[in-house]
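Written below as structure tokens is the structure these notes are about.
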Amino acid sequence: MIFALVDCNNFYASCERVFNPKLEGKPIVVLSNNDGVIIARSNEAKALGIKMATPVFKVQNIIDRNNVHVFSSNYVLYGDMSHRVIAILKESAPEVEIYSIDEAFMKLDGIQENLTEFGRNIRKKVLKWTGIPVSIGVAPTKTLSKIANELAKKHPQFKGVLDLSCLPESKLDDLLAKVDISDVWGIGRRLSPMLRVHNIKTARDLKYASDQWIRKCINVLGLKTVHELRGIPCIQLEENPAPKQSIASTRSFGRPVMSLTELKQAVALYVTIATEKLREGRQIASAIQVFIHTNFHRQDQKQYSESAATMLPHPTSHSPTIVKSAHYLLDTIYKPGYKYKKAGIILTKLMPKDQIQLDLFKEHKENPHQEKVMQTLDKINSKHGRNTLSLAALGKTKPWKMRQLQKSKRFTTNWNETITI
DNA sequence: GCTAAATTCAGAC
DNA sequence: CTAACGGTCTGAATTTAGC
């Protein structure tokens, strides 16, 4: 088998740069929702020592001194750019798995061409048509293609494309010996230190670890990783992802929230967001969880964190019904006197819309009227823009809504935002 | 003491 | 100027509940 992993370089930062070419060569960072932490950096920002997931205030002086350009995250823009990149990949190979907003696996079996050349062509095309630079790693397993991609990105001599599929074993091992254990797909912050203690420090060390030991000290996923490093494919390409099992919508607030009224407005908004996704996937939810908590980072303030869950009256995607349940749960967990920082809802026990499990003892049919109302609402909002029509429960002012002070325009999806001067 | 369900942990990006 | 630290999702392991 031959896999390719295509990964957009510094994706969010690159998207910002496409529509603002003056930023070429300049340091850029993109912030999380609520402008709290750094979630993407251009190469220039990385070179300044700005690390991933750092709270902005901790590197504010580096930002100021070096005139780093700072953006709030603009998911509408990034999502649209992602679609454009994926569309090009899909016309280049028959089997493509969209792995994340900035990554895709491709199956390259049966391609006669030299695979490095093939990769270079894709790279050129994506850059020309979208403005986004990508790196491509080719290998006999997904895990190795991830490593190939990392190496392609890191070492300029590969010009963005590295094919490990035709390398002799000893050469491959030399490369794997240069890959830190924490950079192996599936080895995270708990396993890396544990493995290092046992003298497994590189991808090569892990490749030659004993199966029994790995099974005992990690788990079956660890074993799969090891086999994949040996070139034995254990993780298949998933072109059609399984339907979602849960849908969450959770946000930090732009300022502390104390009142139940405001929490209810926020939670109603999160239900709206989650049920839109639910209906888009033609699913319905059977249960809901709600949680609230104070700011964990404020040791000077009293802390409170609670969650609660309930079954919905019947499986549904009707937002007013779900808001009612969410508000009921909020009533049970809310305690006055705390400064809440974050709230969220999670829809669970999802099922396909057309396969409602009928309860033997309950006379409940999905109300066709409710379904119609939701369809009409979705139609209006897709035609006239999100939020054209929304529940009164969201409130009008939303003083708690997240900060996004430095957001770029939605250049590719909104007519009013296409031109900048 | 078993299985099933719920919860927690760890991982990814 | 203040004060300031993401969001979504999955699969396995672990814990708890129900018999």
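Note that this is a predicted model, so its numbers are computed, not measured. When reading the values below, keep in mind they use all heavy atoms of this one structure, side chains included, and skip hydrogens, waters and symmetry mates. Reminder, nothing fancy here: chain letters follow the sequence lines and each chain counts from 1.
- Considering only side-chain N and O atoms, A:Thr250 lies under 4.0 angstrom from the phosphate OP1 or OP2 of C:dT8.
- In this structure, the side chain of A:Thr202 engages the main chain of A:Asp205 through a donor-acceptor pair within 3.5 Å.
- In the displayed structure, A:His83 atom NE2 is contacted under 6.0 Å by at most 12 heavy atoms of other residues, nucleotides or ligands.
- Contact annotation: A:Lys277 side-chain N/O to C:dG7 OP1/OP2 distance is not under 4.0 Å.
- With C:dC5, C:dG6, C:dT8 as the choices, the nucleotide that has an atom nearest any side-chain atom of A:Ser249 turns out to be C:dT8.
- Between A:Ser252 and the phosphate of C:dG6, there is a side-chain N or O to OP1/OP2 separation shorter than 4.0 Å.
- For the pair A:Lys142 and A:Phe105, the cation-pi test (distance below 6.0 Å, angle within 45°) is passed.
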Just the table, please: protein N/O against nucleotides 8-10 of chain B N/O, every pair under 3.5 Å.
none

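- With respect to A:Glu103 and A:Lys153, no salt bridge is recorded, no charged nitrogen being found less than 4.0 Å from a carboxylate O.
- The nearest whole Å value for the distance from the CG atom in A:Leu278 to the C1' atom in C:dT8 is 15 Å.
- A gap of 25 Å separates the P atoms of C:dC5 and B:dC13, to the nearest Å.
- For the pair A:Glu16/A:Asn74, a side-chain contact is recorded, criterion being any heavy-atom separation below 4.5 Å from C-beta on.
- Atoms CD1 (A:Ile101) and C1' (C:dG7) sit 12 Å apart, rounded to a whole Å.
- Between A:Trp185 and A:Phe3, the distance from one ring center to the other does not fall under 6.0 angstrom.
- Checked against C:dT8, B:dC13, B:dA6, the side chain of A:Ala248 finds its nearest nucleotide in C:dT8.
- For C:dT10, one of the phosphate oxygens OP1 or OP2 lies less than 4.0 angstrom from a side-chain nitrogen or oxygen of A:Ser246.
- Secondary structure note: stems in DNA chain C built from 3 or more consecutive Watson-Crick or G-U wobble pairs under 3.5 Å occupy B:1-13 with C:7-19.
- Taking the six-membered ring where the residue is Trp, A:Tyr340 and A:Tyr304 present perpendicular rings, their angle passing 60° and hence far from 30°.
- Atoms CG and OG, on A:Leu278 and A:Ser246 in that order, are 11.0 Å from each other to the nearest 0.5 Å.
- Between A:Lys342 and C:dC5, a side-chain N or O to OP1/OP2 separation shorter than 4.0 Å is absent.
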Polar-atom pairs under 3.5 Å, protein N or O versus N or O of nucleotides 12-17 of chain C: list them with distances, or write none.
none

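- The side chain of A:Gln245 contributes an N or O atom lying less than 4.0 Å from OP1 or OP2 of C:dG11.
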